[in-house]
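What's counted below: heavy atoms across the whole structure, side chains too, no hydrogens, waters or symmetry copies.
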2 protein chains.
Amino acid sequence: MATIRDVAKHAGVSVATVSRVLNETGYVHEDTRKKVETAIRELHYTPNEVARSLYKRKSRLIGLLLPDITNPFFPELARGVEDEMQENDFRIIFGNSDENMNKEKEYIQTFEQNNVVGVIASTNHPDSDTYRKLRIPVVFLDRTADNRPSVYADGREGGKIAAHEMIARGSRQITVMQGPKHIRPAQDRYQGAVDVLSEQGVPFNVIMTSSFSFTEAGIWAKELFEQHPYTDGVIASNDIVATAVLHEALRLGKKVPEDLQIIGFDDIPLSSLLTPSLTTIRQPAYDMGRTAARLLIRIIENENIDQNTIQLPVTFTERETTRKVEQHG
Amino acid sequence: MATIRDVAKHAGVSVATVSRVLNETGYVHEDTRKKVETAIRELHYTPNEVARSLYKRKSRLIGLLLPDITNPFFPELARGVEDEMQENDFRIIFGNSDENMNKEKEYIQTFEQNNVVGVIASTNHPDSDTYRKLRIPVVFLDRTADNRPSVYADGREGGKIAAHEMIARGSRQITVMQGPKHIRPAQDRYQGAVDVLSEQGVPFNVIMTSSFSFTEAGIWAKELFEQHPYTDGVIASNDIVATAVLHEALRLGKKVPEDLQIIGFDDIPLSSLLTPSLTTIRQPAYDMGRTAARLLIRIIENENIDQNTIQLPVTFTERETTRKVEQHG
DNA sequence: CCTCAATGTGGAACCGGTTACACATATAAA
DNA sequence: TTTATATGTGTAACCGGTTCCACATTGAGG
């Protein structure tokens, strides 16, 4: 690999000059620039980012920490982040945390050790020391932290909408699936739904779940219908469990949406391809990723930020696991 | 951030000594080691990986290049790679190529510039200069290249199995969906299926598709039934299009598997949650990822490799979009 | 008691960039 | 003509680690 000194020698100038043309800083005579550029081309030179990063104490890398990329919601998020970062010449060191604080810590440490300029993290503990002590800008994604940069969708509102729509469509024996306790957005959704249901005096049951994994989703679906065989409406904690519930319901011979309505959460890509296609509370995952990336870049580049925490809207995405609401008027 | 010199001063030794205890190289007196370790702890010192990487010309980073993490097959792959790497103290710089040679080049360049020790890539052009000239070990994942390290599943065999099983289950008007031309594994599957169908003299049609995206999958499904309304068996190029075909078939009122059988490819997590659940040719994605990571690590660590290219088996995963085959005997 | 190998430690060069500073030259203003 | 300023370039220190080499010191073997 050619170094800047090779280029300098080849072009008959000093390394400082080469560095200047590389970075377009300081004065460089037009003729000199040409010579240097030729040398760079001839030697196929590309600057060593590591050396650069060492001196500047800043790389062009950012750290991305997500719970589990195997959950189809997160690839969308990741893709949004990546596309925006790519366009701005930042690259990504990526890790899955499995919602596990130790793994998180390990990754955050790696990020620091590699001089990343910023971090985007979906963590359940934004207030932990790990983040408080971090001297690198962080944007929390799909999570909130008071007054720290974050991009998220309004889970509580989503839960409320789900409950409202479920009631409006006539379900009266609703089951709410409470997502994993330690996952904040899951709890928000749950709370939102429960609030509305209580307020409206609609009876409901709760099924607790402890993960979002595909393998376990089926188990909870079974559990649901064993414990509450007569539910006529399920508000699921995300589209994965909603899919499992739908699957189990059909297996049991229930008619969806006639006997049973289901509302999911997230709107993962497959939701619209299910049969019946899944009614869900959509989160604009890709946009969230892009927005978070954009926010982080602005922070890194020291632009002044008008808005630290950005909330993106959730939208009720009506498909076929809910009945049509009667037109009034 | 504390540096090695801070630690040295604090412990009353030279930086060389600190480095020795850090790396467990050379001779260090037990008492000295203790002093240094205390200093490290007291200053919360962690070595700067960038400085290390600069001198050694090797980091603890590896580059992972996948086509599109939004396709549910790849997160499994990625997860396998990550888990194995994590356990061996390697971290990942990640990028999506969108099967686009320019993006690939860009990422490979970033990888080099950041001194990654190895690369895992799903590329359709393993023989391009980009990879030929790369002086960093590469393992091709989900792709083959003669005699270069690679981990993949036997797509051709998968295609054959699909065709055989389809025939064995009585479909006689088979439609094979030919995946994107530029994606090698897709073509292998296609070829495998076509070979068997031709050989057995079973008539079939072909639908060409040009991507694996969710949004377009629906379009091809529609196209399929417009052009070949009487097909009684679809061999899809992957589970995404298979899902779309299933969706469209049900929408058209077809009975699956009675009127129409469908076989997918990959076995993405959602396949088993569809109704009817999807019969598919399973690729052990997670294992493929782990295996590729393991292979790369062995190459990096210069262990001698008995087997350069590792082929993992595909398995016919019988579910509900195919009929039971009659028991003979 | 002497010699040599094993043990223990520090100084300084090095990795490949960036940049502060010194120094020269050309040009414009006084 | 003198002086201030803009333009152009090079030398060397620096970023924070690792490692080569030189230089003790210690202990075993002869």
(request) Looking only at non-hydrogen atoms, find the nearest pair between A:Pro72 and A:Pro269 and report the distance. (result) O-CD, 4.4 Å

(request) Ignoring backbone atoms, test whether B:Tyr55 places a side-chain nitrogen or oxygen under 4.0 Å from the OP1 or OP2 oxygen of D:dG17. (result) no

(request) Could you say whether A:Thr46 or B:Val28 is positioned toward the 5' end of DNA chain C, judged by the nucleotide with the nearest heavy atom to each? (result) B:Val28

(request) Nearest-nucleotide wise, let me know which of A:Lys56 and B:Val15 is further upstream toward the 5' end of DNA chain C. (result) B:Val15

(request) For B:Thr17, answer base if it contacts any base atom (sugar-phosphate contacts may also be present), sugar-phosphate if it contacts only those atoms, and nothing otherwise; contact means non-hydrogen atoms under 4.0 Å. (result) sugar-phosphate

(request) Examine D:dG10: is either OP1 or OP2 under 4.0 Å from a nitrogen or oxygen in the side chain of A:Arg20? Give yes or no. (result) no

(request) Taking the six-membered ring of B:Tyr107 (Phe, Tyr or Trp), confirm whether the NZ or CZ of A:Arg91 is under 6.0 Å from its centre and within 45° of its axis. (result) yes

(request) Would you mind checking if B:Glu76 and B:Arg79 are paired as a salt bridge, meaning a charged N to carboxylate O distance below 4.0 Å? (result) no

(request) Look at all strands and tell whether B:Thr3 reaches a base, only sugar-phosphate, or nothing, counting heavy atoms closer than 4.0 Å. (result) sugar-phosphate

(message) Heavy atoms only, 4.0 Å cut-off, all strands: where does B:Arg5 land among base, sugar-phosphate and nothing?
(response) base

(message) Side-chain N or O of A:Tyr27 versus OP1/OP2 of D:dG8: is the shortest distance under 4.0 Å?
(response) no

(request) Answer with yes or no after comparing the ring centroid distance for B:Phe212 and B:Phe73 against a 6.0 Å cut-off, counting only values under it. (result) no

(message) Please determine whether a side-chain nitrogen or oxygen atom of B:Tyr45 lies at a distance below 4.0 Å from atom OP1 or OP2 of D:dG17.
(response) yes

(message) Please tell me if B:Asn23 has a side-chain N or O lying less than 4.0 Å from either OP1 or OP2 of D:dT18.
(response) yes

(message) What contact category does A:Val50 fall into here, base, sugar-phosphate, or nothing, at under 4.0 angstrom with non-hydrogen atoms?
(response) nothing

(request) Calculate the interatomic distance between A:His29 atom NE2 and D:dG10 atom P; express it in whole Å. (result) 13 Å

(message) With a cut-off of less than 4.0 Å, is there a side-chain N or O of B:Thr32 near OP1 or OP2 of C:dT9?
(response) yes

